[in-house]
A.B. asks: 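Below is the structure I would like to discuss, written out as structure tokens.
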Amino acid sequence: MKIAFLGLGAMGYPMASHLVSNHEVVVWNRTAAVAEKHAAEFGTTAASSLAECSGAEVIITILPTSREVDEVVDRLWPDLRAGLLWLDMTSGDPGTSRATARRLETKGIHFVDAPVSGGIPGAENGTLTVMAGGSDQDFAMARDLIAAFATKIVHVGETGTGHAIKALNNVLLGANLWLAAECLVTARKFGIEPARALEVINNGSGRSFVTESLLPSRIVDGKWPLVFKLALHDKDIRIASAMAHEQHVAAPILALTSQLFTAALQALGPDSDYIEVTKYAAGMSGEEW
Ligand code: NDP
């Protein structure tokens, strides 16, 4: 199958590499040098222009937001043909993806929103969780392709539901990060160092992915790599917050999480790593790690 893969960022770069064993893969990236590097490293073909991607049977996008996805749809629009499958793996906006799907449908193009969870390690190892939204027929077209980089695939429902549950998942991640930081600050002020606190929590009922997999290497070992931009996590939380608002859901913790992330984003900057919100949370009490 001829696949065009658009967006070789922290996630897209390793994800695209899993497709080459079974498919003809053309890669496109806004900064072309990244696509050329990918081609040299994995045997994909670097597209010399975006237009070159329109001949593919499948287009996969994993870009920052739905806005960039729509920009790419606009640019490719005149050359897009019926029968194409558009698999959008961006953590996008469900309302926007529904509008995009309706627009593509007028040309007979299938659209599946299929955002991912599992971070860079999941992308590198092909062990991502993928949550897909789309019709049964469109999901059936997408499933085998998704399996190239995922070990868990859930067909959530109609178009937009993949993006919706992804945003909600990332609210839980964000709220968890913030609350864990508050608890570790409180523990430290009480005389319990973070390493000892985490040892207890991670063998107790308060443990989570945040306390087990994220915080020990940061707060205890002092390593703060950039793995997921804070601006992107903030975007997910704002999408979820808007969803709750639109549906008249009373969600005060979600609203507060959104406000806290906005404050952290303003203080830390869009390109800081999302886990650095725990530094900002600690700083509110005069602590640092
Ligand atoms: P990155 O910031 O690492 O990469 C973004 C990619 O989008 C780059 O290829 C960049 O190109 C491209 N891009 C940016 N702006 C534009 C534009 N205007 N037009 C075309 N291309 C553009 O992001 P991630 O890979 O981390 O994230 C991608 C998506 O995956 C996001 O929706 C994110 O929320 C989601 N995600 C990220 C995870 C993570 O752990 N990082 C985990 C799960 C989901 P260029 O090289 O030119 O900058």
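Just so you know, residue 1 is the first one in the sequence shown, and it goes up from there. Worth saying up front: this structure is predicted, and the values here are computed from it rather than measured. Counting starts at 1 for both ligands and their atoms, following the listed order.
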A.B. asks: Mind jotting down which residue pairs meet the side chain to side chain donor-acceptor pair (under 3.5 Å) criterion with at least one end in residues 243-264? Sequence neighbours excluded, please.
C.D. replies: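 Those involving residues 243-264 do not exist here.
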
A.B. asks: Which ligand 1 atoms does Ile62 reach within 4.0 Å, using its non-hydrogen atoms?
C.D. replies: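 Answer, ordered by atom number: 28 (C), 29 (C), 30 (O).
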
A.B. asks: Among all protein heavy atoms, pick out the one at the shortest distance from atom 46 (O) of ligand 1; state its residue, atom name and that distance to 0.1 Å.
C.D. replies: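 Ranked first by proximity to atom 46 (O) of ligand 1 is Asn29 ND2, 2.8 Å.
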
A.B. asks: Less than 4.0 Å between a side-chain N and a carboxylate O, is that true for Glu199 and Arg196?
C.D. replies: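 Between Glu199 and Arg196 there is a salt bridge, with a charged N closer than 4.0 Å to a carboxylate O.
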
A.B. asks: Based purely on interatomic distance, does Lys229 place a nitrogen or oxygen under 3.5 Å from a nitrogen or oxygen of ligand 1?
C.D. replies: yes

A.B. asks: Identify the closest protein heavy atom to atom 44 (C) of ligand 1: which residue and atom is it, and at what distance?
C.D. replies: Ser91 OG, 3.6 Å

A.B. asks: Can a salt bridge be assigned to the pair Arg103 and Asp74 using a cut-off of 4.0 Å between side-chain N and carboxylate O?
C.D. replies: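 Looking at Arg103 and Asp74, the cut-off is met.
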
A.B. asks: Does ligand 1 have an atom under 4.0 Å from some heavy atom of Arg67?
C.D. replies: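 It does not; every heavy atom stays at 4.0 Å or beyond.
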
A.B. asks: Counting only heavy atoms closer than 4.0 Å, does ligand 1 sit against the backbone of Val227, its side chain, both, or neither?
C.D. replies: backbone

A.B. asks: With Trp86 as reference, evaluate Val69, Asp138, Asp113 under the side-chain contact (heavy atoms from CB on, under 4.5 Å) test and give the passing residue.
C.D. replies: Val69

A.B. asks: How far is atom 26 (O) of ligand 1 from its nearest protein heavy atom, and which residue and atom is that?
C.D. replies: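 I find the closest protein heavy atom is Ala10 CB, 3.7 Å.
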
A.B. asks: Looking only at protein heavy atoms, which one is nearest to atom 38 (C) of ligand 1, and how far off is it?
C.D. replies: Met11 CG, 3.4 Å

A.B. asks: Among protein heavy atoms, which sits nearest to atom 34 (O) of ligand 1, and what does the distance come to when rounded to 0.1 Å?
C.D. replies: Lys235 NZ, 2.8 Å

A.B. asks: Among all protein heavy atoms, pick out the one at the shortest distance from atom 7 (O) of ligand 1; state its residue, atom name and that distance to 0.1 Å.
C.D. replies: Pro64 CD, 3.2 Å

A.B. asks: So which protein heavy atom does atom 17 (C) of ligand 1 come closest to, and at what separation?
C.D. replies: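 Sorting protein heavy atoms by distance from atom 17 (C) of ligand 1 puts Glu68 CG, 3.5 Å first.
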
A.B. asks: Grab the two heavy atoms, one from Pro194 and one from Trp289, that are nearest each other, plus how far apart they are.
C.D. replies: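 Shortest heavy-atom contact: CG-CE3, 4.4 Å.
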
A.B. asks: Please verify whether a non-hydrogen atom of Gly7 lies at under 4.0 Å from ligand 1.
C.D. replies: yes

A.B. asks: CD1 of Ile275 to CZ of Phe228: how many Å apart, nearest 0.5 Å?
C.D. replies: 10.0 Å

A.B. asks: A side-chain contact here means heavy atoms from C-beta on lying under 4.5 Å apart; do Leu232 and Tyr274 qualify?
C.D. replies: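 Not touching, per the 4.5 Å side-chain cut-off.
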
A.B. asks: Show me the donor-acceptor pairs within less than 3.5 Å that the side chains of residues 7-14 make with the rest of the protein, sequence neighbours left out.
C.D. replies:
residue: Tyr13; atom: OH; partner: Lys37; partner atom: NZ; Å: 3.4
residue: Tyr13; atom: OH; partner: Glu41; partner atom: OE1; Å: 2.6

A.B. asks: Between CE of Met141 and CE of Met1, what distance do you get to the nearest 0.5 Å?
C.D. replies: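 That separation rounds to 7.0 Å.
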
A.B. asks: Short list, please: which atoms of ligand 1 are under 4.0 Å from a heavy atom of Gly9?
C.D. replies: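 Ligand 1 atoms under the 4.0 Å threshold to Gly9: 3 (O), 4 (O), 8 (C), 9 (O), 25 (O).
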
A.B. asks: For ligand 1, which atoms sit closer than 4.0 Å to a heavy atom of Glu71?
C.D. replies: 18 (N)

A.B. asks: Could you give the distance from CH2 (Trp28) to CG (Leu76), rounded to the nearest 0.5 Å?
C.D. replies: 8.5 Å

A.B. asks: I need the nearest protein heavy-atom contact for atom 48 (O) of ligand 1: residue, atom name and distance, please.
C.D. replies: Arg30 NH2, 2.9 Å

A.B. asks: Short list, please: which atoms of ligand 1 are under 4.0 Å from a heavy atom of Gly119?
C.D. replies: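 Close to Gly119: 40 (O).
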
A.B. asks: For the residue pair Ala240 and Leu254, what are the closest heavy atoms and their distance?
C.D. replies: O-CD2, 3.9 Å

A.B. asks: Counting from 1, what ligand 1 atoms have a heavy atom of Lys166 closer than 4.0 Å?
C.D. replies: 43 (C)

A.B. asks: Can you tell me how the ring of Trp178 sits relative to the ring of Phe261, calling it parallel under 30°, perpendicular over 60° and tilted otherwise?
C.D. replies: tilted

A.B. asks: Below 4.0 Å, non-hydrogen atoms only: which portion of Thr31 touches ligand 1? Side chain, backbone, both or neither.
C.D. replies: both

A.B. asks: Examine ligand 1 and decide if any of its atoms is less than 4.0 Å from a heavy atom belonging to Met89.
C.D. replies: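 Outside the 4.0 Å threshold, so no.
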
A.B. asks: Have a look at Leu63, Asp273, Leu232 and point out the one with the heavy atom closest to atom 21 (N) of ligand 1.
C.D. replies: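 It is Leu63 whose heavy atom sits nearest to atom 21 (N) of ligand 1.
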
